[in-house]
Amino acid sequence: MAGILGRKQQAKLAEAMSKRSHFSKDEVDKLLDMYTALTAGNSRLDRNKFRDVLHNTFDMTDDILMDRVFRAFDKDMDSVLSQEEWVLGLSVFLRGTLEERVAYCFNVYDMNNDGYNFKRRDVSMLKNSMVKAKQPRKI
């Protein structure tokens, strides 16, 4: 019975999140299933598991960059990702508008959280972390 209630709650969440993201309801549902598998049923995704996803799915290897991407997803800055942060973060990361992606990149590369960017240190980090764009992935 708990599984049925859980699926109903997830379906409602998927419907709501599809309206706030660039994903369809079915895609959000699959992302929520992925989230549940990654967290083994816990309510939050921690930094280490998120880094594993970035490494295994997107071939990211730069530790600083992976931490910055995590920080960009973690809107409430509690060091774990909720389901909402997971879906909305991936929405911008994978399908965001140009404006959303520019804001996201600025946030990732604003190393001092001072609102300024692209000093010599940032350009160096950007060069070291460039990833060739691949075809869009199906979820």
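Given the structure is predicted, the values throughout are model-derived calculations rather than measurements.
The hydrophobic cluster containing L31 does not contain V80, counting ILVMFWY residues as joined when their side-chain heavy atoms lie under 4.5 angstrom apart, directly or transitively. Cluster annotation: V53 is connected to M60 through the hydrophobic network of ILVMFWY side chains, with a link wherever side-chain heavy atoms come within less than 4.5 Å.
Here F93 pairs with F58, Y104 under the ring-ring contact (aromatic ring centres under 6.0 Å, His included) rule; sequence neighbours left out. In this view, S24 and D26, E27 satisfy the side chain to side chain contact (heavy atoms under 4.5 Å, CB included) rule, not counting sequence neighbours. Annotation: side chain to side chain contact (heavy atoms under 4.5 Å, CB included) contacts of K25 (sequence neighbours excluded): A11, A14, E15, S18.
For the atom pair CG of L54 and CG of D63, the computed distance is 11.0 Å after rounding to the nearest 0.5 Å. With rounding to the nearest 0.5 Å, the separation of OG1 in T39 from NZ in K49 is 7.0 Å. Taking CE of M17 as the start and CG of D29 as the end, the distance is 12.5 Å to the nearest 0.5 Å. With rounding to the nearest 0.5 Å, the separation of CZ in F70 from CG in D46 is 7.0 Å. Annotation: the span from R44 atom CZ to D74 atom CG amounts to 8.5 Å, rounded to 0.5 Å. Considering CG of N56 and CZ of R51, their distance stands at 12.0 Å, rounded to 0.5 Å.
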**Request:** Report the C-alpha separation of F73 and V92 in whole Å, then their side-chain angles, then the decisive distance to 0.1 Å, and conclude whether the side chain to side chain contact (heavy atoms under 4.5 Å, CB included) test is met.
**Result:** CA-CA 9 Å; F73 275 55; V92 172; over 6 Å; no

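Across V87 and F23, no two heavy atoms sit closer than the pair O-CE1, 3.7 Å. Nearest approach of Q83 to L32, heavy atoms of both residues: CB-CD2, 3.8 Å. Scanning all heavy atoms of the two residues, the minimum distance from D78 to D76 falls at OD1-OD1, 2.8 Å. Of all the heavy atoms in E100 and H22, the pair that sits closest is OE1-NE2, 2.6 Å. Shown here for D33 and R7, the closest heavy-atom pair between the two residues is OD1-NH1, 2.8 Å. Closest non-hydrogen pair, Y35 versus L45, comes out as OH-N, 3.2 Å.
Side-chain atoms of R71 and D67, non-hydrogen and from C-beta on, never get closer than 4.5 Å to each other.
With salt bridges taken as basic N to acidic carboxylate O contacts below 4.0 Å, one links E84 and R20.
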